[in-house]
Amino acid sequence: MKALISVDMEGISGIVHSSETNPERYDYQRGRELMTAEANAVIAGVLDAEPTADVLVADAHGTFRNLLPEQLDRRARLVRGKPRALNMLAGLDEETDAALFVGYHVRAGEGPGVLAHTMNGEILDVRVTGRAPGEEVRGTGRAPGEDVRITTHTPDEGVQVTAPKPGEDSRTTARSLGEIGLNAATAGHLGVPVVLLSGDDAACAEAADLIPQAVTVPVKEALGMAAAVTLHPEEARDRLRRAAADAVSRRTEIPPLALTGPLDVEVDLASPSTIDLATLVPGVSRTAGARTVAFTAPDYGTAYRLILLLAQLATIRPA
């Protein structure tokens with residue numbers, strides 16, 4: 001059995017402020033220790049359920065160099081540093097049996113959520129909509145009345161499709177995705193289920209909406225962007241260990257999240273200069289809105305790579 005544990009930082013118990021997640025701030029070292037301890041709890045839970053499992057841990061925050069290698073459970077292997085393929089899910093492949101998301105946060109614009117954002121402060125929203133193959137693209141890149149979107153697959157149930165409500169405008173039927181949804185769909189593209197997610201209550205609610213069968217572990221209740229009622233770190237770790245063992249044991253009951261293509265994608269960007277750069281990418285165009293770019297991808301893997309590229313372009317400042 002192979003498991004990938006993707007560990008972000010904003011959703012770790014006890015963490016509520018960027019001073020605890022930013023390498024240049026005074027409380028970062030303590031944040032790293034809390035992050036590493038929660039990763040160890042999940043590693044232990046996976047191995048409680050599957051003692052011979054191959055466990056990879058992907059450091060998935062900022063520089064991807066936050067987890068303390070010398071303090072990480074030696075039974076796991078660490079994926080560290082960037083740039084790298086699959087970003088927060090580096091190490092994931094078709095042979096992986098389960099993905100576990102630890103310390104995740106709610107997407108930009110949602111909440112209240114502790115340190116809510118999507119990839120970086122420059123990505124305001126990512127909307128993804130599926131189309132039937134061969135369907136004409138009109139307007140903002142999706143056809144009115146389109147009803148092929150996020151689907152889940154199980155051997156017994158086939159395909160379940162989420163359709164728009166009667167009379168719903170085509171633009172509003174697009175699904176906004178943050179790091180939880182984008183990464184879960186990346187795993188789903190490879191046929192891998194996300195079986196567990198931990199973070200604040202808002203992040204857990206976002207995950208439950210996308211993957212109802214997954215185990216969620218709220219380790220804090222968000223009061224705002226930089227405030228929460230948090231569990232004691234040791235209590236959070238105890239809960240995570242038990243939940244990880246349960247989630248891995250039930251992995252065959254949790255379907256992968258899949259986004260069926262072709263896919264129309266719209267990305268809202270904070271900076272006009274990023275929009276200017278984005279339109280240099282073949283296939284990416286500026287929409288009628290002042291802050292939005294759009295493209296169509298044949299499959300989710302292609303869409304995800306383009307979204308990652310846009311996130312990188314957002315870090316460039318004009319000379």
Side-chain angles (χ1 to χ4, degrees), residues 2-12 15 18-25 28-29 31-36 38-40 42-43 54-73 76-94 96 99-105 107-108 115-124 126 177-187 189-190 192 194 197-199 203 265 267 269-271 274 277-278 281 284 300-317:
K2 180 178 178 181
L4 179 85
I5 304 171
S6 173
V7 190
D8 205 348
M9 205 168 190
E10 291 86 354
I12 298 296
I15 288 179
S18 60
S19 66
E20 299 160 319
T21 63
N22 186 331
E24 298 179 0
R25 302 294 295 275
Y28 172 66
Q29 183 61 28
R32 299 179 76 187
E33 293 172 357
L34 291 170
M35 179 189 189
T36 305
E38 286 202 4
N40 282 338
V42 175
I43 294 167
D54 179 15
V55 181
L56 273 72
V57 178
D59 190 320
H61 174 73
T63 62
F64 296 168
R65 301 191 307 273
N66 310 278
L67 289 166
L68 298 167
E70 66 276 14
Q71 293 184 18
L72 197 69
D73 191 319
R77 293 179 292 147
L78 175 62
V79 186
R80 194 167 190 260
K82 68 190 315 183
R84 64 197 194 193
L86 295 187
N87 203 44
M88 295 173 73
L89 298 184
L92 188 81
D93 58 25
E94 294 89 344
T96 306
L100 301 90
F101 294 174
V102 179
Y104 270 54
H105 53 81
R107 70 181 186 270
L115 299 172
H117 65 279
T118 298
M119 295 188 174
N120 55 45
E122 299 297 321
I123 304 292
L124 303 178
V126 178
L177 298 176
E179 292 170 31
I180 294 171
L182 293 170
N183 289 340
T186 298
H189 184 65
L190 296 175
V192 180
V194 176
L197 179 135
S198 72
V265 181
V267 181
L269 299 163
S271 171
T274 303
L277 289 172
V281 179
V284 177
Y300 183 75
T302 302
Y304 182 67
R305 289 192 294 273
L306 273 171
I307 293 166
L308 291 180
L309 176 58
L310 293 177
Q312 288 301 307
L313 290 177
T315 66
I316 298 175
R317 292 292 174 264

Partner set under side chain to side chain donor-acceptor pair (under 3.5 Å) for Arg77, not counting sequence neighbours: Asp54
Shortest non-hydrogen contact between Ile123 and Ala311, atoms and distance: CD1-CA, 4.1 Å
Separation between CG of Leu115 and OG of Ser18, rounded to the nearest 0.5 Å: 6.5 Å
Salt bridge (Lys or Arg N to Asp or Glu O under 4.0 Å) partners for Lys82, two or more places apart: none
Heavy-atom closest pair, residues Leu308 and Met119: CD2-CE, 3.8 Å
Side-chain donor-acceptor contact under 3.5 Å, Thr186 with Asn183: no
Closest contact, heavy atoms only, Ile15 versus Met9: CD1-O, 3.6 Å
Whether Asp59 side chain and Arg80 backbone form a donor-acceptor pair below 3.5 Å: no
With sequence neighbours excluded, residues passing salt bridge (Lys or Arg N to Asp or Glu O under 4.0 Å) with Glu10: none
Heavy-atom donor-acceptor pair, Asp93 side chain to Thr96 backbone, under 3.5 Å: yes
Side chain to side chain contact (heavy atoms under 4.5 Å, CB included) evaluation trace for His117 with Arg107: CA-CA 5 Å; His117 65 279; Arg107 70 181 186 270; over 6 Å; no
Interatomic spacing from CZ in Phe101 to OG in Ser198 - rounded to 0.5 Å: 11.0 Å
Flag for Asn66-His61: side-chain donor and acceptor within less than 3.5 Å: no
Intermediate values then yes/no, side chain to side chain contact (heavy atoms under 4.5 Å, CB included), Leu310 and Thr274: CA-CA 8 Å; Leu310 293 177; Thr274 303; over 6 Å; no
Closest approach of Ala187 to Val194 (non-hydrogen atoms, all atoms of both residues): CB-CG2, 4.2 Å
Taking every non-hydrogen atom, the tightest pair across Ala58 and Arg84: CB-NH2, 4.0 Å
Flag if over 12 foreign heavy atoms under 6.0 Å of CZ, Arg25: yes
Leu4, Val7, Val79 screened by side chain to side chain contact (heavy atoms under 4.5 Å, CB included) with Val57, the one that passes: Val7
Ile5 vs Leu56, side chain to side chain contact (heavy atoms under 4.5 Å, CB included): CA-CA, chis, key distance, verdict: CA-CA 6 Å; Ile5 304 171; Leu56 273 72; over 6 Å; no
Closest non-hydrogen atom pair, Tyr104 against Glu179: CE2-O, 4.2 Å
